[in-house]
Amino acid sequence: MNGDTLHSIGELARRTGLTVKTIRFYSDRGIVAPTDRSPAGYRLYDTDAVARLDLVRTLRELGLDLPTIRKVVDRELALPEVAAAHAEALAVQIRVLRLRRAVLTAVAERGSTPEETELMHRLAQLSEAERRRLIGDFLDAVFGGPDAAPAFTGVMRSMTPELPDNPEVEQVQAWVELAEMSLDPDFRAVLRRMAEYQAAEQARSETTGPQRDIAVVVRDQAGPALAAGIDPASPQADPVVAAFTAHYAHLLARPDDVELRRRLAARLESVNDPRRERYLRLLAVVNGWPAPESLAPELDWSVQALRVRTQR
């Protein structure tokens, strides 16, 4: 086939897979103009029209509008620049659709009221700066804001969600629920009590430098007893309880008495609030971290063991 070969609109349709009506439409818009006409007045197209139509079809399937496509095929616009701009626009659309899908999925799963749905929608659409302000207000309320103890700096950082630029639906859902929790005054009060316990322990402790969290110490002591099936109220649990209460007494530089054990039970109950664990699990989803280990079984066992021994 040489470069002088001309094709009828029907032949062009067979070569490109487009309909005659579609090719005529593009021709009327000047996107693929005919090269000549037959003696009977029918449009004729050269071989380059096949390549132009293939490009037009591809760009239409990618979502470009016809005026932009015409400028591309006429080389008035560079295709890489058009593609980059269109890709950015699609990225924004995809993000919006993900947000909508996340909110609708949450509404369906939770049976939300119209008011809850509106709140979830607003939380999902917050900008990065707005998200930071919301979480910053929450953490300031929990840890004391500008007057927060230096020991809390790392804790506050570790409790900060960082929603990625292109989050998965699960991350958006987790962010919305986490944001709702951060606005709950009861949840703020629970975490505030935990922070106060920790600050008091830090102030009374004679130990300098980083300290292991008492909940982690208790977990390490109670875990083997729980796994062994030891009843927290049984005499077999006495040495386990004595081990972690001795550690707490040393931490606070005070005697291991009933009052200390009551204080430790209250401390562990605050840590064992299921909302705290839920927050940490949601945080892990938003930040793409591994799911945190649950302390609930060991803390339940330990609180029971302490309560039995402080009622005697």
Side-chain angles (χ1 to χ4, degrees), residues 91-92 94-96 98-99 101-103 105-106 110 116 119-203 209-217 219 267-296 299:
V92 173
I94 289 170
R95 183 175 183 274
V96 170
R98 279 178 170 167
L99 293 176
R101 180 187 173 196
V103 171
T105 301
R110 297 163 56 177
E116 291 170 334
L119 175 60
M120 284 191 286
H121 181 57
R122 285 193 289 107
L123 292 175
Q125 291 188 311
L126 292 180
S127 67
E128 180 181 358
E130 290 169 331
R131 292 196 301 270
R132 286 188 176 277
R133 280 197 296 272
L134 186 151
I135 295 301
D137 289 344
F138 163 65
L139 294 176
D140 284 347
V142 170
F143 294 105
D147 298 326
F152 289 145
T153 302
V155 177
M156 294 172 69
R157 190 180 306 115
S158 71
M159 292 183 66
T160 301
E162 298 284 352
L163 192 67
D165 292 336
N166 295 298
E168 299 296 331
V169 171
E170 294 77 10
Q171 290 177 299
V172 177
Q173 288 177 291
W175 154 253
V176 169
E177 185 177 347
L178 185 150
E180 287 179 299
M181 292 183 68
S182 74
L183 295 171
D184 182 352
D186 289 339
F187 180 56
R188 290 187 177 200
V190 166
L191 294 188
R192 180 63 186 167
R193 284 195 296 274
M194 290 174 51
E196 289 170 350
Y197 272 123
Q198 191 169 346
E201 290 164 8
Q202 185 74 29
Q211 300 174 1
R212 294 184 70 206
D213 187 86
I214 185 60
V216 176
V217 173
R219 176 205 63 189
R267 171 83 158 89
L268 297 179
E269 283 181 329
S270 69
V271 175
N272 202 28
D273 189 294
R275 289 172 294 182
R276 170 188 172 275
E277 185 169 305
R278 182 62 180 165
Y279 182 95
L280 295 179
R281 289 191 175 277
L282 294 170
L283 180 67
V285 174
V286 173
N287 289 356
W289 296 342
E293 179 185 1
S294 174
L295 300 179
L299 295 181

Looking at CG of D186 and CZ of R192, how far apart are the two atoms once the value is rounded to the nearest 0.5 Å?
16.0 Å

Would you compute the distance between atom CZ of R188 and atom CG of L183 and round it to the nearest 0.5 angstrom?
6.0 Å

Evaluate side-chain contact (heavy atoms from CB on, under 4.5 Å) for E128 paired with R132, printing each intermediate quantity in order.
CA-CA 6 Å; E128 180 181 358; R132 286 188 176 277; 3.6 Å; yes

Where is the tightest heavy-atom contact between [X] and [Y], given as atom of each residue plus distance?
| X | Y | value |
| --- | --- | --- |
| Q171 | G288 | NE2-N, 4.3 Å |
| M120 | A106 | SD-CB, 3.8 Å |
| S158 | L283 | O-CD2, 3.1 Å |
| N272 | A296 | OD1-CA, 3.2 Å |
| S270 | V190 | O-CG1, 4.1 Å |
| L123 | V176 | CD1-O, 3.9 Å |

Stepwise, does the side-chain contact (heavy atoms from CB on, under 4.5 Å) test hold for D140 with M156?
CA-CA 9 Å; D140 284 347; M156 294 172 69; 3.9 Å; yes

Do Y279 and P161 have side-chain heavy atoms sitting under 4.5 Å apart?
yes

Side chains of M159 and L191: closer than 4.5 Å at any heavy-atom pair?
yes

For the residue pair F187 and F138, categorise the inter-ring angle as parallel (less than 30°), tilted (30 to 60°) or perpendicular (more than 60°).
parallel

Contacts of type salt bridge (Lys or Arg N to Asp or Glu O under 4.0 Å), residue R267, not counting sequence neighbours
E201, D213

Among N287, I135, V285, which residue satisfies the side-chain contact (heavy atoms from CB on, under 4.5 Å) criterion with W175?
I135

Going by side-chain contact (heavy atoms from CB on, under 4.5 Å), V286 matches just one of L163, T160, V172. Which one?
L163

Between the main-chain N or O of E168 and the side-chain N or O of R98, is there a donor-acceptor pair closer than 3.5 Å?
no

R275 side chain to M181 backbone, donor-acceptor under 3.5 Å
no

So, using side-chain hydrogen bond (donor to acceptor under 3.5 Å, both in side chains) as the criterion, who are the partners of E277 when residues are at least two apart?
S294

Go through the structure and list residues passing side-chain hydrogen bond (donor to acceptor under 3.5 Å, both in side chains) with E180, not counting sequence neighbours.
R110

